[in-house]
There are 2 protein chains.
Amino acid sequence: MATDLLDATFAALADPTRRAILTRLAAGEATVTELAAPFHMSQPAISKHLKVLERAGLVSRGRDAQRRPCRLEARPLKDAVDWLEGYREYWEESYQRLDALLTRLRESEGGEG
Amino acid sequence: MATDLLDATFAALADPTRRAILTRLAAGEATVTELAAPFHMSQPAISKHLKVLERAGLVSRGRDAQRRPCRLEARPLKDAVDWLEGYREYWEESYQRLDALLTRLRESEGGEG
DNA sequence: TAGTTTCATAACCTTATGGTTTTGTACTCG
DNA sequence: CGAGTACAAAACCATAAGGTTATGAAACTA
């Protein structure tokens, strides 16, 4: 529906650093410095990535003294999956063909040897 | 796994024109001119979008005289969904909380009213 | 009060994106 | 052969993306 939201969500997911941040946040809240640690990248770079994630609604932030703990907001991911699910039949097509092939092979095996 | 492929897939999906193209292709093969028709956008622009989709492995192209029919290749979408599925529990969390709430409500109703 | 930690903002650079128009190529049809 | 169709490729432009360093503000700490 809200194509802009989908745009922002998919765009946010298109960067490996941001996906890694989401993965980290799945384990629980984390501060910016904690999130930045695993990467050899400056802190402002991480802050920019967080802003992208925030604009996509994938991250929300709290306040704990001078820290700004980040939290995963997974809801937009559901919209992304919902969109993608519309194509499931297309990537499962090959399995259907494989099923059909295996069935035919089994039949001919049974009939001929 | 192949993070580059995921990058390319999500990036390709981040554009509404490209998502529309995929939607169109789900209905069957189409030529570039056919794909371009619904958009007020030049043909080269569509060709560029198609190249992005092709690089992400979401579209393959045949040959029919001077036409280059495009075909949906949905396989990379499965990888995208597989990645996203890792987060399902997080967007379903609220439903879990709702379940817990409803359970508690039902219990107190049963016990007190 | 002064110093440190945590983070954001600004300014800047380079490359990528998304669009354009123009041109070129390959094929078909008359 | 010549004209038209279908598409790609080139050249160009404006803006966005992803990174940097330098600076600044807010809050804790000694």
Side-chain angles (χ1 to χ4, degrees), chain A residues 3-25 28-73 76, chain B residues 3-25 28-73 76:
Chain A
T3 156
D4 290 357
L5 216 275
L6 264 190
D7 289 4
T9 302
F10 282 130
L13 294 175
D15 186 283
T17 302
R18 288 193 291 263
R19 288 200 305 276
I21 289 177
L22 292 183
T23 301
R24 165 64 187 79
L25 288 180
E29 286 193 7
T31 67
V32 176
T33 353
E34 283 165 0
L35 289 173
F39 306 98
H40 30 168
M41 205 181 293
S42 65
Q43 166 261 312
I46 300 295
S47 281
K48 277 195 185 183
H49 282 303
L50 286 172
K51 204 189 288 187
V52 172
L53 290 166
E54 207 176 356
R55 272 196 23 229
L58 289 165
V59 155
S60 65
R61 348 201 32 179
R63 163 81 62 186
D64 167 26
Q66 69 269 70
R67 262 146 281 139
R68 305 292 312 277
C70 299
R71 197 174 145 59
L72 175 66
E73 298 290 340
Chain B
T3 157
D4 290 357
L5 215 276
L6 264 189
D7 290 2
T9 303
F10 282 130
L13 294 174
D15 187 283
T17 301
R18 288 193 292 262
R19 288 201 305 277
I21 289 177
L22 293 181
T23 301
R24 165 64 187 81
L25 289 180
E29 286 194 5
T31 68
V32 176
T33 352
E34 283 166 359
L35 289 172
F39 306 99
H40 31 168
M41 205 180 294
S42 66
Q43 166 261 311
I46 299 295
S47 281
K48 279 194 184 185
H49 281 303
L50 287 172
K51 203 189 291 187
V52 173
L53 290 167
E54 208 176 355
R55 270 195 23 228
L58 288 164
V59 155
S60 65
R61 346 197 39 174
R63 160 87 56 192
D64 166 27
Q66 69 272 67
R67 261 145 280 138
R68 307 292 313 277
C70 299
R71 199 174 144 58
L72 174 65
E73 298 290 338

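In what follows, chains are A, B, ... by sequence order, proteins preceding strands, each numbered from 1.
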Would you please confirm or rule out a distance under 4.0 Å between OP1 or OP2 of D:dG18 and any side-chain N or O of A:Arg18?
yes
Give a yes/no answer on whether the side chain of A:Thr31 brings an N or O atom under 4.0 Å of OP1 or OP2 in C:dT6.
no
Could you give the side-chain donor-acceptor pairs of residues 45-58 of chain A under 3.5 Å, partners two or more places apart or in another chain?
unit_1	atom_1	unit_2	atom_2	d
A:Ser47	OG	A:Gln43	NE2	3.2
A:His49	ND1	A:Arg18	NH1	3.1

What is the distance, to the nearest angstrom, from the CG atom on B:Asp7 to the P atom on C:dT15?
19 Å
Mind checking the CD-CD spacing from A:Glu34 to A:Glu29? Nearest 0.5 Å is all I need.
10.0 Å
Looking at residues at least two apart in the chain, or sitting in another chain, which of them share a salt bridge (charged side-chain N to carboxylate O under 4.0 Å, His left out) with B:Arg68?
none
Rounded to whole angstroms, how far apart are CG on B:Leu50 and C1' on D:dA6?
13 Å
Atom pair distance, as rounded to whole Å: CG in B:Leu53 and P in C:dG18
10 Å
Given atom CZ of B:Arg55 and atom P of D:dA8, what is their separation to the nearest angstrom?
15 Å
Answer whether the closest heavy-atom distance between the side chains of B:Leu22 and B:Leu13 falls below 4.5 Å.
yes
According to side-chain contact (heavy atoms from CB on, under 4.5 Å), who are the partners of A:Gln66, at least two apart in sequence or on a separate chain?
none
Per-nucleotide pairing state of DNA chain D [Watson-Crick or G-U, under 3.5 Å; [ ] pseudoknot-crossing; | other strand]:
||||||||||||||||||||||||||||||
Mind calculating the distance between CG (A:Asp4) and P (D:dA16) to the nearest angstrom?
14 Å
Quick one: pull up CG in B:Leu35 and CG in B:Leu25 and give me the separation to the nearest 0.5 Å.
5.0 Å
A:Lys51 has an atom NZ; how far is it from atom P of D:dG18, in whole Å?
13 Å
Return the 5'-most residue of the pair B:Val52, A:Arg68 with respect to DNA chain C, ranking by each residue's nearest nucleotide.
A:Arg68
Heavy-atom pair with the smallest gap, counting every atom of A:Ala20 and A:Phe39:
CB-CZ, 3.7 Å
Taken in chain and number order and not counting sequence neighbours, the residues that satisfy side-chain contact (heavy atoms from CB on, under 4.5 Å) with B:Pro16 are A:Thr3, A:Asp7, B:Arg19
Could you write nucleotides 19-30 of chain D as a row of B, S and -, 5' to 3', where a protein heavy atom under 4.0 Å of any base atom gives B, of only sugar-phosphate atoms gives S, and otherwise -?
BBBB----BS--
Whole angstroms only, please: what is the CZ-P distance between B:Phe39 and C:dG19?
10 Å
Over how many whole Å does the gap from A:Ile21 atom CD1 to D:dG18 atom P extend?
11 Å
With the side chain counted from C-beta on, respond yes when B:Arg24 and B:Ile21 share a heavy-atom pair under 4.5 Å apart, and no when they do not.
no
